[in-house]
Amino acid sequence: MSFDRSIKIAPSILSADFANFGAECAAIEAQGCDWVHVDVMDGHFVPNITFGPATCAAIRPHIRGVMDVHLMIAPVDPYIEAFARAGADIITAHAEAGPHIHRTLQAIRGAGAKAGLALNPGTPAAMAAPLLDMVDLVCVMTVNPGFGGQKFIHSQVEKVAELRAMIGDRDIHIEIDGGVDPETAPLVAAAGADVLVAGSAVFKGGSVHDPAPYGANIRAIRDAAEAACGAGAGAK
Ligand code: DX5
Ligand code: ZN
């Protein structure tokens, strides 16, 4: 994975057909997404359950690009190796998931993956400051994690700007997760985000049998975001 700050659209397969993950991953990539975002939930850290490392391993061969695994689980550390073995390129853990996030980030890199740090809406940007040498990505949650299709929390845009200033020249992505659509994408892109996760706004209107709406939805989000961060942001 090489680093750049161009806008990247990462559809969340939380909004895909759960009986058809392989074909859904292939469809969104064929329709122009950049990364595939995989939401792992445990019914404990968040009030919803999705799937674990076996599903990640099963879908890996259907993803040509980056598999971006977002762990909404606690504890995290006992499962890091399994998600790395499943082929995750990026493993993101929550700052709120345990008392030793520094150790968790070390373990993620130790397992050979890029390390992401996710911040819930109630967690300040300052939480990331002592961890910047340990992370490849900071994920700003713009909804409370657990479900797709929630409303974007506008107060998080200021947090994105704070993180962008804090990160400076470091090769760290700022990812936005929750409620991203063509209306909200420009707000976070202008504030400095480069990876936009979107579930419902990408998958709406399409299916593996009719994937063209996925492409139109991805383009609409990308175009809105790129327009907000100025010309030249389009290079992949
Ligand atoms: C929320 C998940 C998100 C979510 C995004 O807990 O981490 O990835 O599914 O879905 P939308 O785009 O529908 O808010
Ligand atoms: Zn997510």
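Start at 1 and go down the list; that is how both ligands and their atoms are numbered.
- In terms of protein heavy-atom proximity, atom 13 (O) of ligand 1 is closest to S200 OG, 2.5 Å.
- At a 3.5 angstrom cut-off on N or O pairs, V180 does not count as close to ligand 1.
- Annotation: G149 places an N or O atom under 3.5 Å from an N or O atom of ligand 1; distance criterion only.
- For ligand 1, the polar-atom distance check against S15 finds no nitrogen or oxygen pair separated by under 3.5 Å.
- One finds the NE2 atom of H173 at 9.5 Å from the CG atom of D68 (value rounded to the nearest 0.5 Å).
- To the nearest 0.5 angstrom, I13 atom CD1 is 9.0 Å from E24 atom CD.
- Checked by distance only, ligand 1 and N144 stay at 3.5 Å or farther apart across all their nitrogen or oxygen atoms.
- Under a 4.0 Å N-O distance rule, the pair R5/D171 does not qualify as a salt bridge.
- The distance from ligand 1 to the heavy atoms of H70 drops below 4.0 Å at these ligand atoms: 7 (O).
- Taking the side chain as every heavy atom from C-beta outward, C56 and F83 approach each other to under 4.5 Å.
- The N, O or S atom of D177 with the smallest distance to the Zn ion (ligand 2) is OD2.
- In this structure, G179 has a heavy atom closer than 4.0 Å to ligand 1.
- Ligand 1 has no nitrogen or oxygen under 3.5 angstrom from a nitrogen or oxygen of Q150.
- With respect to the Zn ion (ligand 2), H70 has ND1 as its nearest N, O or S atom.
- For H37, the nearest N, O or S atom to the Zn ion (ligand 2) falls under 2.8 Å.
- Restricting D39 to its N, O or S atoms, the one at the least distance from the Zn ion (ligand 2) is OD1.
- Using a 4.5 Å cut-off on side-chain heavy atoms (C-beta onward), Q31 and I28 make no contact.
- Contacts between S12 and ligand 1, counted as non-hydrogen atom pairs separated by less than 4.0 Å, involve the side chain only.
- The aromatic ring centres of H62 and F21 sit 6.0 Å or more apart.
- To the nearest 0.5 Å, atom CG of residue D177 and atom CG of residue L196 are 10.5 Å apart.
- The pair R109-D136 meets the salt-bridge criterion, since a charged nitrogen lies less than 4.0 angstrom from a carboxylate oxygen.
- Considering backbone and side-chain atoms alike, G178 places every N or O at 3.5 Å or more from each N or O of ligand 1.
- Between M72 and ligand 1, not a single N/O pair is under 3.5 Å apart.
- Residues H70 and V40 form no side-chain contact, since every pair of their non-hydrogen atoms from C-beta on lies 4.5 Å or further apart.
- A heavy-atom distance below 4.5 Å is not found between the side chains of T184 and T142.
- Note on K8 versus D194: salt bridge recorded, some NZ/NE/NH1/NH2 to OD/OE distance being below 4.0 Å.
- The ligand atoms of ligand 1 that sit less than 4.0 angstrom from a heavy atom of D177 are 2 (C), 3 (C), 4 (C), 5 (C), 7 (O), 8 (O).
- With ligand atoms numbered from 1 in the order given, ligand 1 contributes 8 (O) to contacts under 4.0 Å with heavy atoms of H37.
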